[in-house]
Every structure is written in structure tokens, then in C-alpha cells.
Amino acid sequence: MNIKFLGTGGAFDYEFSNSSAWIQFQGKNILIDCGNSVYRRLRETGLADQIDYILLTHFHDDHVGSLSSVILHHKYFLDPARKARILVPSQSFQQMIEDYVHFSLTDPLKYLEFFPVEIIPGLTALDTFGKHVEGMPTWAYCFESDEEILAYSGDLGDPNLIFDYLKTRPQKKTRVFHETSFHVTDGVHSYYQDLNHRVDEVELYGYHCDPRDEPADNRVPLVCRFPHLLA
Ligand SMILES: [Zn+2]
Ligand SMILES: [Zn+2]
């Protein structure tokens with residue numbers, strides 16, 4: 001299992017690009033989120049040609065803003081007959097994706113196809129509905145092999161949900177990539193002080209923040225400081 005981030009910033013941290021991850025799991029290349037800046041990063045890194053599946057956490061621009069460009073890339077640069085493949089955690093989320101893409105592509109199913117996340121053994125979608133923003137469907141994802149577990153929060157807004165889930169899993173090497181906010185008034189992202197103690201439990205990394213705002217008492221290692229985690 002391998003993970004590289006195409007960006008580690010939040011919606012307004014343009015210097016660090018929108019948070020998005022590239023995960024190699026079960027022999028597949030899986031892109032998590034396609035925010036505004038992500039298609040550009042995919043072209044810069046050469047990864048745009050290698051996407052097997054796309055996973056989405058929620059419908060904020062910094063997570064889906066360049067989705068249509070990524071979808072069309074398949075058709076125009078790879079193979080006119082090739083459709084982008086999106087893994088979906090539920091029927092209603094699939095419908096939301098179709099509706100969203102429909103704004104720019106009149107017939108979405110000409111360009112993309114959907115598969116349930118269950119077709120990838122060991123991939124679990126965690127329903128985080130309403131935790132990030134009231135009433136908004138959001139999803140976190142967990143990748144589990146015989147050897148290890150990797151969890152990706154998306155914009156979760158609840159610093160405990162992933163760790164409660166991990167208690168139900170067998171003990172094995174575990175890495176958690178968690179959105180981290182340094183602003184107590186933020187309210188929609190997980191505050192670093194509520195994550196600090198987790199570094200004693202698992203290998204934890206923070207993302208979706210500007211490292212220049214990092215307070216002195218932050219204990220959550222930030223993805224952007226680890227070159228091996230960056231695409
Ligand atoms: Zn975000
Ligand atoms: Zn968000």
C-alpha cells in the first residue's frame with residue numbers, strides 16, 4: 001500500500017494545492033478527490049494517465065472542482081471509448097455525482113461508470129454524514145490489507161469517528177491521514193488539539209491546512225513536511 005498526496009492544503013491554501021491523495025491498493029491506482037487544483041497536479045506529475053478509480057469524499061469545490069476535467073481526460077488523452085471509473089459508497093451519492101457532473105457534461109454516463117466500493121476487497125467507506133457540515137453527505141475511507149490499515153478522513157469534522165472505527169479492526173500497522181485545523185473557530189474540521197493525543201496510538205498525519213499557521217503545541221505531523229508522502 002502506497003500513498004502520495006497531490007496537495008495538502010485546504011480550500012483557500014492555494015500554495016499547497018487542494019488536498020487529494022493517490023493510493024496504490026490491491027494493484028489499483030485510486031485517486032481520492034479532484035479539487036480545483038488537482039487536475040493540474042495530475043498533469044504535472046504524469047498521474048492523469050494512470051487513474052484506475054476515483055473516490056470522492058464530498059462536494060466542496062476543493063474536493064470535486066476539477067472532476068469534469070479528470071473525467072474528460074480519459075476520453076481525450078487516453079482512449080475515446082474509455083470511461084472514467086468512480087467508486088461509490090451509496091446509490092444516493094452516485095446520483096449526486098451524476099447530478100454534479102451533469103452541469104458540465106450533458107450525458108454523464110457517456111463519460112463515466114460507477115462501481116460500488118465493495119469491488120475493491122479491503123476498501124471500506126465510513127459514513128460521516130453531517131459531521132463536516134450539517135446535512136451534507138461526506139465519506140471517509142479505510143483501506144485494509146492483511147498487513148496494514150490506512151484511513152483517510154476527507155473533511156470529517158469529528159476527531160473520534162475514525163479512531164472508534166479502528167477499535168473494531170484487528171491490530172495491525174495503522175496509518176491515519178486526518179484533516180487538521182489550527183483554528184478553533186473553524187467548527188467544520190477536526191481541531192489539532194483534539195487529535196494531538198492520537199499520535200501515541202497510531203501513525204498519524206495531518207493535512208488540509210496551512211503549515212505556516214501551525215501552533216507550537218501541535219503534535220500531529222503534517223503530510224507536507226514528508227517528501228516521501230508527496231507526489
Ligand atoms: Zn476541504
Ligand atoms: Zn469540505
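Every number for a ligand or one of its atoms is a count from 1 in the order of the listing.
- Neighbouring protein atoms of the Zn ion (ligand 2) (N, O or S, distance under 2.8 Å, waters ignored): H58 NE2, H60 ND1, H132 NE2, D155 OD2.
- Between F226 and F5, the ring center distance fails the sub-6.0 Å criterion.
- Aromatic ring pairs are classed by plane angle as parallel below 30°, tilted from 30° to 60° and perpendicular above 60°; the pair F115 and Y53 is perpendicular.
- The side-chain heavy atoms of L123 and L55, taken from C-beta on, include a pair separated by under 4.5 Å.
- Between H132 and H60, the ring planes lie perpendicular to each other; the angle is over 60°, past the 30° to 60° tilted range.
- A search for ring pair (Phe, Tyr, Trp, His ring centres under 6.0 Å) contacts involving Y141 returns nothing, not counting sequence neighbours.
- Aromatic ring centres of F93 and Y100: separated by at least 6.0 Å.
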